[in-house]
Amino acid sequence: VTGDLAGLAAGTYMRGMPFVQVPTTLLAMVDASVGGKTGVDLPQGKNLMGIFKQPLSVIMDTQVLDTLPDAELRSGMAETIKHAVIAEEKLFGELEQNTKKLFWWRGQRGHAWLVRSLKVKIAVVKEDPFEQDTRAVLNLGHTIGHALEKMSGYTLRHGEAVSIGLAVEAQVASRLGLAGAALPHRIEALLDAWGLPVRCPPYRTSSILKAAAFDKKKRGSRMRWALPIRIGEVRIVEDVPLELVANVLQQMGAGE
Ligand SMILES: NC(=O)c1ccc[n+]([C@@H]2O[C@H](COP(=O)([O-])OP(=O)(O)OC[C@H]3O[C@@H](n4cnc5c(N)ncnc54)[C@H](O)[C@@H]3O)[C@@H](O)[C@H]2O)c1
Ligand SMILES: [Zn+2]
């Protein structure tokens, strides 16, 4: 949050001044500090005020993770798992093998995971820095995730909301026939094994869908979903039938 706010301030003060990102959470290290998106949330929705502003550099000292609470480490894991689903099948497998090793993030092995997670993000951002097209794959889990995060009054951590979003959207992909039936189970099992939530809070389904549609409309576009096809491949899909999403949401805990 500090990095997003500082980036927005640096990008607008006197029409822009250079700044450096120094992330101190796992989430900011594996994701938010890199890529140049900065912004702040408003009560009406996520990131409603924001700009693209690349930092001069990003400086990470992973020793600061020593004091980061486990719940915040888990929150960062959600974005790591997202990156693994997008393009790092091997990392996904390693995370499946080592589910009880949250503490690894504070050591050498965590460094290796961090680098691999970042490589996924950097490759995507380099190809499409201003999200004209392919960068949208990074929104995996976020169509539903952002809606839930906002509806929780920001009491759900970003990574927790994204975790539920990943579980829901994987189920949607499977119901659409884009992914096999095993995929949502595999993604959900990994998130759950790392202690992340995968059940939807009992919010009204219609309200969740409304919040999700609002989140996308701000870009003046139709709803575009980043959906997992298999571990290592995500596709952008438009025109997902909302009745199908509603059905999945209710099956996963949302209210009528
Ligand atoms: N700009 C992007 O590309 C991007 C990408 C992903 C997420 N985000 C945004 O990031 C935000 C979430 O960021 P976050 O998860 O870092 O949350 P956060 O910044 O709220 O930090 C979580 C908590 O950890 C504390 N903390 C930070 N560093 C610590 C440390 N080293 N030791 C102990 N405590 C520490 C903070 O004070 C805070 O209470 C969301 O608003 C999300 O939308 C942005
Ligand atoms: Zn995110």
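Just so you know, ligand 1 is whichever comes first in the structure, and atom 1 is the first atom listed for that ligand.
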Discussion item. When you measure from the heavy atoms of Lys53 to every atom of ligand 1, does any distance fall below 4.0 Å?
Written reply: no

Worksheet item: Can you name the closest pair of heavy atoms from Phe92 and Ile81 and give their distance?
Response: CE1-CG2, 4.2 Å

Discussion item. Can you confirm, on distance only, whether ligand 1 has an N/O atom lying under 3.5 Å from any N/O atom belonging to Val64?
Written reply: yes

Fill in: For ligand 1, the portion of Leu65 having any non-hydrogen atom under 4.0 Å away
neither

Fill in: For atom 3 (O) of ligand 1, closest protein heavy-atom neighbour
Lys121 NZ, 3.5 Å

Worksheet item: Does NZ in Lys101 sit with more than 12 non-hydrogen atoms of other residues, nucleotides or ligands closer than 6.0 Å?
Response: yes

Item to complete: Measure the distance from atom 29 (C) of ligand 1 to every protein heavy atom, then report the residue, atom name and distance (to 0.1 Å) of the closest one.
Response: Leu68 CD1, 3.5 Å

Worksheet item: Out of the N/O/S atoms in His158, what is the name of the one closest to the Zn ion (ligand 2)?
Response: NE2

Discussion item. Let's go through Asp4 and Lys37 carefully: what are the C-alpha distance in whole Å and the side-chain angles of both, what is the deciding distance for salt bridge (Lys or Arg N to Asp or Glu O under 4.0 Å) to 0.1 Å, and is it a yes or a no?
Written reply: CA-CA 8 Å; Asp4 269 17; Lys37 270 193 183 181; over 6 Å; no

Response to the item:
What one should report as the nearest heavy-atom pair of Leu118 and Met29 is CD2-O, 3.3 Å

Worksheet item: Closer than 2.8 Å to the Zn ion (ligand 2), do we get an N, O or S atom from Asp31, backbone or side chain?
Response: no

Worksheet item: Does some side-chain heavy atom of Leu249 sit less than 4.5 Å from a side-chain heavy atom of Val168?
Response: yes

Worksheet item: Can you find a pair of side-chain heavy atoms, one from Gln21 and one from Met60, that are under 4.5 Å apart?
Response: no

Item to complete: Please indicate whether Glu238 has more than 12 foreign heavy atoms, meaning atoms of other residues, nucleotides or ligands, lying under 6.0 Å from its CD.
Response: yes

Fill in: Identity and separation of the nearest protein heavy atom to atom 10 (O) of ligand 1
Leu27 CD2, 3.7 Å

Discussion item. Starting from atom 14 (P) of ligand 1, what is the nearest protein heavy atom, named by residue and atom, and what distance separates them?
Written reply: Thr25 OG1, 3.9 Å

Response to the item:
Judged by heavy atoms only, the candidate from Leu73, Asn47, Thr24, Thr62 nearest atom 28 (N) of ligand 1 is Thr24

Item to complete: For ligand 1, note which part of Asp4 has a heavy atom under 4.0 Å away: side chain, backbone, both or neither.
Response: side chain

Worksheet, complete the sentence: Taken to the nearest 0.5 Å, the spacing of Leu148 CG from Leu156 CG works out to 7.0 Å

Practice prompt. Using only heavy-atom distances, determine whether the side chains of His111 and Thr62 contain a donor-acceptor pair under 3.5 Å.
Written response: yes

Response to the item:
So the atoms of ligand 1 within less than 4.0 Å of a heavy atom of Asp31 turn out to be 5 (C), 6 (C)

Worksheet item: Do Glu79 and His158 touch side chain to side chain, with heavy atoms closer than 4.5 Å?
Response: yes

Item to complete: Hey, can you tell me if Trp113 and Trp104 have their rings parallel, tilted or perpendicular (30° and 60° cut-offs)?
Response: tilted

Worksheet item: Which is closest to atom 1 (N) of ligand 1 in terms of heavy atoms, Lys37, Met29, Lys82?
Response: Lys37

Worksheet item: Strictly by modelled atom types, are Thr205 and Gln250 linked by a side-chain donor-acceptor pair under 3.5 Å?
Response: yes

Fill in: Glu72-ligand 1 polar pair, N/O distance under 3.5 Å
no

Worksheet item: Is there side-chain contact between His142 and Val162, with at least one heavy-atom pair below 4.5 Å?
Response: yes

Worksheet item: What is the name of the N/O/S atom in Glu79 that sits closest to the Zn ion (ligand 2)?
Response: OE2

Worksheet item: Short N/O distance, under 3.5 Å, between Lys46 and ligand 1?
Response: yes

Discussion item. Checking contacts now, so for atom 39 (O) of ligand 1, which I'm interested in, is there any protein heavy atom under 4.0 Å?
Written reply: no

Worksheet item: Within 4.0 Å of atom 25 (C) of ligand 1 (strictly less), any protein heavy atom?
Response: no

Worksheet item: How far is atom 20 (O) of ligand 1 from its nearest protein heavy atom, and which residue and atom name does that atom have?
Response: Val1 CG2, 3.5 Å

Item to complete: Please find the N/O/S atom of His142 nearest to the Zn ion (ligand 2) and write down its name.
Response: NE2

Worksheet entry | Glu79 heavy atom under 4.0 Å from ligand 1 | yes

Discussion item. Would you say that Ile231 contacts Glu88 through its side chain, given a criterion of any heavy-atom pair below 4.5 Å between the two side chains?
Written reply: no

Discussion item. Could you tell me, atom by atom, which parts of ligand 1 come under 4.0 Å of a heavy atom of Asp41?
Written reply: 41 (O)

Item to complete: Taking atom 36 (C) of ligand 1 as the reference point, report whether a protein heavy atom occurs under 4.0 Å from it.
Response: no

Worksheet item: By number and element, which atoms of ligand 1 are closer than 4.0 Å to a non-hydrogen atom of Ala32?
Response: 1 (N), 2 (C), 3 (O), 4 (C), 5 (C), 6 (C), 7 (C), 8 (N), 44 (C)

Worksheet item: Can you tell if the side chain of Thr80 reaches within under 4.5 Å of the side chain of Trp105, non-hydrogen atoms only?
Response: yes

Worksheet item: Going by the order shown, which atoms of ligand 1 are within less than 4.0 Å of some heavy atom of Thr67?
Response: 30 (C), 31 (N), 32 (N), 33 (C)

